[in-house]
Amino acid sequence: MISVKQLKRVVVKLGTGVLTHGIGQLDAGRIAAICAQVAELRAKGTEVIIVSSGAVGLGMGRLGLSRKPKEVSKKQACAAVGQSLLMQTWQRGFEPHSLTVAQVLLTREDLRERDRCLSVKAVLNQLVAYGTIPIINENDTVSAAEINAMLKFGDNDTLSAMVASLVEAQHLVILSTAPGLIDMKGTGEIVPVVEKITPAIEAMAGGTTSETATGGMISKISAAKLATKSGCGVYIASGAEDKVLQRIFSGVGPGTFFVPSGLPMEAKKLWLAYFQRPAGTIAVNTRAVPVLRDEGRSLLAIGVTGSKGEFASGDVVSIAGPDGTVFARGKVAFGSDEIPAIAGKSSDQLRPLYPSRKHLEVVHRNDLVLL
Ligand code: GLU
């Protein structure tokens, strides 16, 4: 049986738009809420490393600029002013939780060479071991794309993905003002799970429009590509959502989840079933519970008593026993509209109804995870 392992380490990336409203105006309530959520994760034993944007935006606010300056030195000056405000803000936010923050400013160069990269990793590990919350940002004051493109990460989405793979985080959560990846050309809704980043997925992303933001959805998708390749699951969600981190890590989060690649089949199944929001629930009878739970067999129509919610074949659904307790999740092979006709039927009764179907399992054991 697969069980959901405790979350050991996560990287949380926050965009300028989540931490501020207007230009350079800190959103104190939002920051307090995020600090409380991070503190809760830490208290449960999950190590958290934050990648925080906001230096340039806060600097602009403090210097009274309403547009991002074009001149490199002015942008660098904004970052220098804003970075210290940013760290003060984070420390103030974590103070009620008795947590100490640690500022880590990186340039791309720091992660390019193996030795330097390992020393960054070592210091991050040490900071976490000391019980602090590392707050990472790009060292914008000394790294400008205009001076040396090789020095610059370009955006914090990329930086966060590189950090997540460096510190071997299980999750990278990218919180911004975007609620997730929206399928603009199709359903117009948030794509809940991306199993593989295909050109079609990349085409769904549009650029950024705000004055202080940098990356937009395009850079988030490419960050997700990078992080998932190193086995890290990536979430893109809105930082404005209530209790967003807790909801994400209990598998009911809003936003888009990108499944890590290159995992063994069992682990992949777990990620899929656990982090995909179930589209509905299938109710099973008393006899089916031990068959699924203890005997590791597939769910057959004969064990099904009914369903709740609307789902299509291929969706992830919850599986509940007669008392309503959800004990498994899996990819269902029939749509909710077909359930009434198949519930309680034996395979012999079912076959004539679906003469062309090779498989008649409602949820195949390979697609099933016990909770
Ligand atoms: N490092 C920039 C800042 O602190 C943000 C870059 C980004 O958001 O991608 O303002």
Side-chain angles (χ1 to χ4, degrees), residues 11-27 30-31 34 49-63 65-91 93 101-111 134-149 151-164 172-178 205-227 234 236-240:
V11 171
V12 180
K13 186 261 167 177
L14 296 123
T16 304
V18 178
L19 304 174
T20 57
H21 42 215
I23 288 175
Q25 301 302 312
L26 279 169
D27 189 334
R30 175 77 47 72
I31 294 166
I34 297 211
I49 291 172
I50 290 179
V51 173
S52 174
S53 302
V56 175
L58 287 183
M60 282 165 62
R62 181 57 72 101
L63 295 172
L65 309 175
S66 57
R67 292 192 167 273
K68 200 184 263 187
K70 298 241 172 331
E71 295 90 326
V72 178
S73 57
K74 285 188 181 163
K75 257 190 279 185
Q76 290 174 306
C78 285
V81 170
Q83 182 61 32
S84 76
L85 297 173
L86 188 61
M87 288 310 292
Q88 287 170 32
T89 305
W90 280 116
Q91 187 53 63
V101 298
Q103 169 178 271
V104 179
L105 297 177
L106 297 174
T107 64
R108 201 172 189 124
E109 201 82 313
D110 298 318
L111 299 188
I135 313 260
I136 303 175
N137 196 359
E138 171 148 26
N139 194 349
D140 296 304
T141 304
V142 299
S143 70
E146 295 84 345
I147 297 171
N148 185 346
L151 269 181
K152 188 99 182 132
F153 290 105
D155 57 76
N156 276 3
D157 299 319
T158 310
L159 170 61
S160 67
M162 290 171 96
V163 166
L172 164 63
V173 182
I174 299 180
L175 296 179
S176 71
T177 47
T208 180
T209 46
S210 121
E211 199 54 49
T212 51
T214 309
M217 197 47 77
I218 292 174
S219 74
K220 288 177 183 50
I221 301 287
S222 72
K225 212 169 180 178
L226 205 157
V234 178
I236 294 179
S238 161

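Ligands are counted one by one from 1 in listed order, and the atoms in each one are counted from 1 as well.
Scored by the side chain to side chain contact (heavy atoms under 4.5 Å, CB included) test, A224 finds I197, V234, F258 as partners (sequence neighbours excluded). Qualifying side chain to side chain contact (heavy atoms under 4.5 Å, CB included) partners for A80, counting only residues two or more places apart in sequence or in other chains: T141.
Interatomic distance, I23 CD1 to L58 CG, rounded to the nearest 0.5 Å: 11.5 Å. Atoms CG and CG, on L106 and N156 in that order, are 10.0 Å from each other to the nearest 0.5 Å.
Heavy atoms from both the backbone and the side chain of V56 come within less than 4.0 Å of ligand 1.
Looking at T16 next to ligand 1, no N or O pair under 3.5 Å apart turns up. Where the criterion is an N or O separation shorter than 3.5 Å, residue side chain and backbone included, G57 fails it with respect to ligand 1. Polar contact with ligand 1: absent for S52 (N/O pair, distance under 3.5 Å). Not a single N or O atom of E138, backbone or side chain, sits closer than 3.5 Å to an N or O atom of ligand 1.
Residue contacts with ligand 1 leave out G15, since none of its heavy atoms falls under 4.0 Å from the ligand.
The backbone N or O of V101 sits less than 3.5 Å from a side-chain atom of Q91, completing a donor-acceptor pair.
Which parts of ligand 1 touch D155 is read off a 4.0 Å heavy-atom cut-off, strictly below it: atoms 9 (O). Atom numbering of ligand 1 starts at 1 in the shown order; those under 4.0 Å from a heavy atom of S53 are 4 (O), 5 (C), 7 (C), 8 (O).
There is a side-chain donor-acceptor pair under 3.5 Å between D110 and T107.
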